[in-house]
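The figures that follow rest on heavy atoms only: side chains count, while hydrogens, waters and symmetry mates do not. The chains referred to below are lettered A, B, ... by the order of the sequence lines, with proteins before strands, and numbering in each begins at 1. Since the structure is predicted, the reported quantities are computational estimates derived from the model, not experimental observations.
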Amino acid sequence: MSMLSAQGFGDPGKMKDYHYTGPVEHKFSPYAFNGGTVLAVAGEDFAIVASDTRLSEGYSIHSRDSPKCYKLTDTTVIGCSGFHGDCLTLTKIIDARLKMYKHSNNKTMTSGAIAAMLSTILYGRRFFPYYVYNIIGGLDEEGKGAVYSFDPVGSYQRDTYKAGGSASAMLQPLLDNQIGFKNMEGVEQVPLTQDKAVQLVKDVFISAAERDVYTGDALRVCIITKEGINEQTIPLRKD
Amino acid sequence: IYLLKMNKYNTHTHTHIYMIYDYISNSASFCLPNHSTTVRRPFPLSHGTTTLGFIFQGGVIAAADTRASAGGLVACPAVHKITPIHSHLVVTSSGSGADCMLWERILTREIRLYQLRHRRRLSIRGTAKLLSFMLHPFKGTEVCVALTLCGWDKESGPKLIYVCSDGARLQGDIFSVGSGSPYAYGVLDGGLKWSLSKDEAISLAREAVFRATHRDAYSGNNVDLFHITAQGWSQRKREDLKEEYYRDMEKRSKDRRGKIKRE
């Protein structure tokens, strides 16, 4: 009998060499993947949260008009992508908690406070996580743009820009280069203006729609400034 | 859900555990850790790191890289893996990013509450014990936390204690944790002496993290360095290892040119 090495074990307790490896029926999975990409950029006095509006599952498209940006307060927008059921429930829970805070503390939650609260809400389900990739964009107490990015179980930090969702691995390096000026030598680092940022977001989503099947149909951009939240919808590839 | 009630002091430690359960379970009571029907997660969580800490004549040095990886993707290249808890205690974290972040937050809260209730600061040994006992109910679950408490207290001077979610609680003079730790240990064991000056110790820690990030795929980007003395912690500016790599390459090619000339 050969040595019982760790490599011989695949699933717990089942030795790979002596186990059936043909088609297996899996039991019910409570998760589904509904696709979608979310992006947020923070500027000097503005923040942009953008998402595509396609809702898909497997090879089908459920809806071409299901944006993933949700307005929380006058200065904060959250983008949620992943499993749509968990996105809806999570935004309902956040809205409820915002109301509770408003009623007990007589003030609106700041972006940083919402981020910290979301972290604990997500960790509360550490052993059955919300399958949602969240990005919060808004203005902080000083009026500067703030972006907070999360993982599904509540780890978060403040960034200048972040992409999340199905095309995030394609978009993030592009943003690193164009907004963070990374991996370039001898280039002048000009601060990002609002118009340039909006144009960049549109270009980036057009590129994502080309290469990611789950991203497309339309782009919803929410621009947050001290005047309020301005929404735009731009068409994308529908194939 | 959030607001914890004040409890009697004699049941302090015991009720801590239930407070943590309340804190964690939130409003959904059906999601307590249940091993027989664990739901398979469709996404990877952030893992993989190099952190290290050692004690020398000038205090405690804590150093870490700044990469958070989720599967094969670099989820974030600029994470803070070393977090101050109070003026004389710093925690380096390794394992799952979310677990470390939230457990550090819980620890900070409990230490602060202890200080307010007992009008003295808990010792580093006490902090480590408290953390270890708080993590114990989660042994066997997926919680993956490996923290090194680096601090200074007046009971016993500089202290370095490793606490992990498996239940280990170890005091020592030198610890390195994470996927890059074997590489870091090699460098540290080679160069560490009690009598190092502050600059030599800092440069040794930087070198250890740099070598580990070079060889380990899951560590990289920048190095964070903290120095803790009797006066408290101080943080060195975060340094991009890309510059260090190019300096090292330059030095090697100069050596090689010298070798070719000699032959």
Side-chain angles (χ1 to χ4, degrees), chain A residues 11-12 26-34 81-83 86 89 93 96-97 100-101 104 115-133 148-166 168-170 172-173 176 180 182-183 185, chain B residues 1-3 20-35 37-47 66 68-81 83 93 95-106 109 138 141-145 221 240 242 246:
Chain A
D11 275 328
H26 291 284
K27 65 183 188 115
F28 170 71
S29 164
Y31 294 116
F33 180 63
N34 295 117
S81 70
F83 169 42
D86 277 346
T89 306
I93 289 178
R97 292 287 296 267
M100 282 157 64
Y101 184 97
S104 14
M117 178 185 73
L118 180 56
S119 173
T120 45
I121 293 175
L122 292 171
Y123 200 78
R125 289 270 298 253
R126 170 66 176 81
F127 301 108
F128 181 15
Y130 289 110
Y131 182 13
V132 191
Y133 291 92
Y148 297 91
S149 61
F150 293 78
D151 84 345
V153 275
S155 167
Y156 81 104
Q157 68 171 41
R158 185 169 173 177
D159 291 311
T160 320
Y161 53 87
K162 188 78 177 175
S166 56
S168 61
M170 288 177 217
Q172 192 63 36
D176 284 335
K182 299 266 178 74
N183 309 314
E185 297 283 333
Chain B
I1 323 147
Y2 225 131
L3 304 168
I20 306 302
Y21 260 136
D22 284 343
Y23 189 86
I24 301 270
S25 317
N26 228 317
S27 50
S29 55
F30 53 81
C31 349
L32 285 170
N34 187 344
H35 309 296
T37 54
T38 25
V39 181
R40 206 164 2 133
R41 249 188 285 114
F43 47 77
L45 291 182
S46 6
H47 252 90
T66 61
S69 44
L73 173 69
V74 176
C76 184
V79 176
H80 296 272
K81 295 190 192 182
T83 330
S93 50
S96 163
D99 288 333
C100 289
M101 185 176 282
L102 270 292
W103 279 100
E104 278 163 17
R105 210 171 154 187
I106 292 171
R109 178 172 31 87
F138 296 91
T141 67
E142 309 168 313
V143 172
C144 178
V145 197
N221 297 103
D240 192 346
K242 186 176 63 167
Y246 284 122

task = I would like to know whether Arg126(A) and Thr141(B) meet side-chain contact (heavy atoms from CB on, under 4.5 Å); could you show each step before the answer?
result = CA-CA 10 Å; Arg126(A) 170 66 176 81; Thr141(B) 67; over 6 Å; no

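Proximity to chain A (any heavy atom under 4.5 Å) is shown, for Val74(B), by neither the backbone nor the side chain. With a threshold of 4.5 angstrom between heavy atoms, Tyr156(A) approaches chain B through its backbone and through its side chain.
Between the CD atom in Gln172(A) and the CG atom in Leu73(B) there is a gap of 8.5 Å [rounded to 0.5 Å].
Ala98(B) approaches Val153(A) most closely through the heavy-atom pair CB-CG2, 3.4 Å. Annotation for Val79(B) and Gln157(A): closest pair CA-OE1, 3.5 Å, computed over non-hydrogen atoms.
In terms of heavy-atom pairs under 4.5 angstrom with chain B, the leader among Ala169(A), Ser168(A), Ser119(A) is Ser119(A).
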